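Single-structure report; data block below.
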Protein chains: 2
Amino acid sequence: MNLSQTTVSRALNGYPEVSAETRRRVAEMADQLGYAPNSQARRLATGRSMAIGHVIPRSIHEMMNPIFLEFIAGAGETYSRHGYDMMLSVVDDAHEEDAYRQIASRKKADGVIIHGPANDERRHLLLKKLNLPFVVHGRIPGAEAETSWIDMNNRRAFERATNLLLDLGHTRIALLNGLEHMDFAHRRRRGFEDALAGRGLSADPALMRSADMTEPYGCENAVAMLKGDNPPTAFLVSSMISAIGVARGIGQCGLKTGKDVSIITHDDALSFLPNCGEVPIFTCTRSSVRYAGQKAAELLLAMIADPTAKPASLHMDAELIIGQSTGPAPVRES
Amino acid sequence: MNLSQTTVSRALNGYPEVSAETRRRVAEMADQLGYAPNSQARRLATGRSMAIGHVIPRSIHEMMNPIFLEFIAGAGETYSRHGYDMMLSVVDDAHEEDAYRQIASRKKADGVIIHGPANDERRHLLLKKLNLPFVVHGRIPGAEAETSWIDMNNRRAFERATNLLLDLGHTRIALLNGLEHMDFAHRRRRGFEDALAGRGLSADPALMRSADMTEPYGCENAVAMLKGDNPPTAFLVSSMISAIGVARGIGQCGLKTGKDVSIITHDDALSFLPNCGEVPIFTCTRSSVRYAGQKAAELLLAMIADPTAKPASLHMDAELIIGQSTGPAPVRES
DNA sequence: TTGGCCATCCAAACCGCTTTGGATTTGGCT
DNA sequence: AGCCAAATCCAAAGCGGTTTGGATGGCCAA
């Protein structure tokens, strides 16, 4: 070959100051020798780490669940398409801040994604101080205008779902929500309450729950409510997994889902929990979290490419899809 | 301060050639200035990338499921405890090999974990050629002795589960397995068949399925089999998610799980699908995949620390836990 | 006092790339 | 032929650490 390091670098990185012929030869050689530039060296030289960080607290709750993985998968596709790496840090809850600080001070990533914002979110303040670009999956209450985020319209989705149930004649509607200190759950609850209020009804606290969205959570609460007096005729559930539990609970009570008791669930379109077919099992509000991951990544990469740009966000509406789990409210026996 | 770069480096990295007093001052200053060594530079200088790679094909199948996330979470804990980063690459199935090659040639990671080995696995050959340390989550048929791996005893778990059902009087047992081109599913099937053979029975192909372990997969096949002639009285299922589907299917047929029809499922101890309590919902073979992740990471880090060491592996037995979903075979009506 | 030996600390080389600022060659035009 | 701009290519200076091979100074035995 006999070419300088400079030329090889330029050839490989697509700079124009190199003839097509030379570029071809370099590429060929590199290919033949299995050469690829050492990424640490390149990162050091360019000052960009070409990686996006995701900090996930170890605690077993909402976060550490399949929804998160699906999001990650979506984001990961976008990253690799743009030559970025994805860095996951699993940390003790107590060390979450440290993790962000380290990413910033050691330059481990060019940006991060904030997962699962809470009502009293603070991470964005730290990241701003650290000057680390970020995108929020969800929204930070009170910081919507000054941050980039991607979120579905949780309030509206649950408002529409509730309205559908009301239209079907249901008035005793239970809400099995996620943890309401999380922003998304908080909004969903508001949508639920708004819809009820729109019909002059008000939510019955006895029919509302807020917890980690496991399967047993759905089942146990469904059974408890159905066996109580003045039971609900419909359930609005925050996740497919819990909805499956609710369906099980309904079955345990000797009732039929979609006939005696209706269910609407939010469906994140998880690959292992398909809820499709001509008539899906569950009536649902659906929004692909994988797609959200892709878009969040795009937003973040754009921010990194142009740090002067204004914050950009994406607000998506969930589809309301009719499945087998809803029907008219049963006529009151009395 | 007025200390040389050398001294600072040594102080921070715990070398002995620096006085306690100086070390203290350096640490204090670093802390105060929020200084931490740039990781790219350090990596370049040391030649170690201090990261472990996980390549996950984008395809939506077994892999891209919650089990994977739980494993990742376990591994991630170990990594961060040892100062390693976790690098995830989500790639097109067709580019999986490329991803490994890149990791090796660009020195993106010091080692990788192979997920979901198949019956005709080849990745380990590539990695050996690339001289990239790796640990297999699962086992590679025919390469058990020459690779490091961590796996549960799939065959034995399913053999024991089958024997339990046989002891309860079940003879028509259905197997809803994962994709049998995957090693783990293959072994589970063997366990099932071995147990039957041990009693002079043989598996009925009409009662065996192999597919992605979704919820509907469980439900649909349960219904189909139960409505067919000569229906099974018990189901052996490869995942909790499908087992939930099976339970739903049983309900749809107007039957009672644990009474009319028994279920034993494998339980990976996923956080969002707890199957515990005094008497768990499902009788199961249980093995924590999160723990497997921790151990796999430890194995890999040890390999990296001492490249001359012989391959080490960990073979874990699953617990067989009695829950509510099993009971004696119903007496045959005839 | 003097030499020797630690305990400390430091200057400089190096890790493998990108990028800057020239140097050299080529080719078109007058 | 002579000149200039464009096209190529290259040497060397970083990037921010770690590591090597001494220097320096203090302390103790001879």
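Below, chains carry the letters A, B, ... as their sequence lines are ordered, and counting in each starts from 1. For clarity, every value in this text was computed on a predicted model and none was experimentally measured.
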Practice prompt. Could you name each residue pair satisfying side-chain hydrogen bond (donor to acceptor under 3.5 Å, both in side chains) that touches residues 29-40 of chain B, not counting sequence neighbours?
Written response: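 For residues 29-40 of chain B, and leaving out neighbouring residues, there are no side-chain hydrogen bond (donor to acceptor under 3.5 Å, both in side chains) pairs at all.
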
Worksheet item: For DNA chain C, whose closest nucleotide is more 5', that of B:A20 or that of A:P37?
Response: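 Closest to the 5' end, via its nearest nucleotide, is B:A20.
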
Interatomic distance where [atom1] belongs to [X] and [atom2] belongs to [N] [whole Å]:
X      : N      : atom1 : atom2 : value
B:Q40  : D:dG17 : CD    : P     : 11 Å
A:R25  : D:dT8  : CZ    : C1'   : 12 Å
B:R48  : D:dT19 : CZ    : C1'   : 13 Å
B:N13  : D:dG16 : CG    : C1'   : 13 Å
B:L12  : D:dT19 : CG    : P     : 13 Å
B:K107 : C:dG16 : NZ    : C1'   : 10 Å
A:N38  : C:dT18 : CG    : C1'   : 13 Å
A:R23  : D:dA7  : CZ    : C1'   : 13 Å

Discussion item. The side chain of A:Y15 is closest to which nucleotide in this list: D:dC9, C:dT19, D:dT18?
Written reply: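 Between D:dC9, C:dT19, D:dT18, the one nearest the side chain of A:Y15 would be C:dT19.
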
Using the 3.5 Å cut-off, write out each protein N or O paired with an N or O of nucleotides 11-15 of chain D and the distance between them.
from	atom 1	to	atom 2	distance (Å)
D:dA11	N7	A:T6	OG1	3.4
D:dA11	N6	A:T6	OG1	2.6

Counting only side-chain nitrogens and oxygens, does [X] get under 4.0 Å of the OP1 or OP2 atom of [N]?
X     : N      : value
B:T7  : C:dC10 : yes
A:S39 : C:dC17 : no
B:S9  : D:dG17 : no

Practice prompt. Give a yes or no on this: more than 12 heavy atoms of other residues, nucleotides or ligands lie within 6.0 Å of atom CZ of A:R48.
Written response: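 Atom CZ in A:R48 is not packed in, count stays at 12 or less.
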
Worksheet item: Under 30°, 30 to 60°, or over 60°: which ring-plane class applies to A:F71 and A:H115, parallel, tilted or perpendicular?
Response: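 Ring orientation, 0 to 90° scale: perpendicular.
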
Discussion item. Can you tell whether the side chains of A:D85 and B:R106 come within less than 4.0 Å, N to carboxylate O?
Written reply: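 No, A:D85 and B:R106 are not salt-bridged.
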
Worksheet item: Can a salt bridge be assigned to the pair B:E28 and B:R25 using a cut-off of 4.0 Å between side-chain N and carboxylate O?
Response: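 No salt bridge links B:E28 with B:R25.
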
Worksheet item: By side-chain hydrogen bond (donor to acceptor under 3.5 Å, both in side chains), which residues pair with B:D268, not counting sequence neighbours?
Response: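 Counting only residues at least two positions away or on another chain, B:D268 forms a side-chain hydrogen bond (donor to acceptor under 3.5 Å, both in side chains) with B:H266.
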
Worksheet item: Ignoring hydrogens and geometry, is there a side-chain-to-backbone donor-acceptor pair from A:S148 to A:P311 under 3.5 Å?
Response: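 No; zero donor-acceptor contacts below 3.5 Å.
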
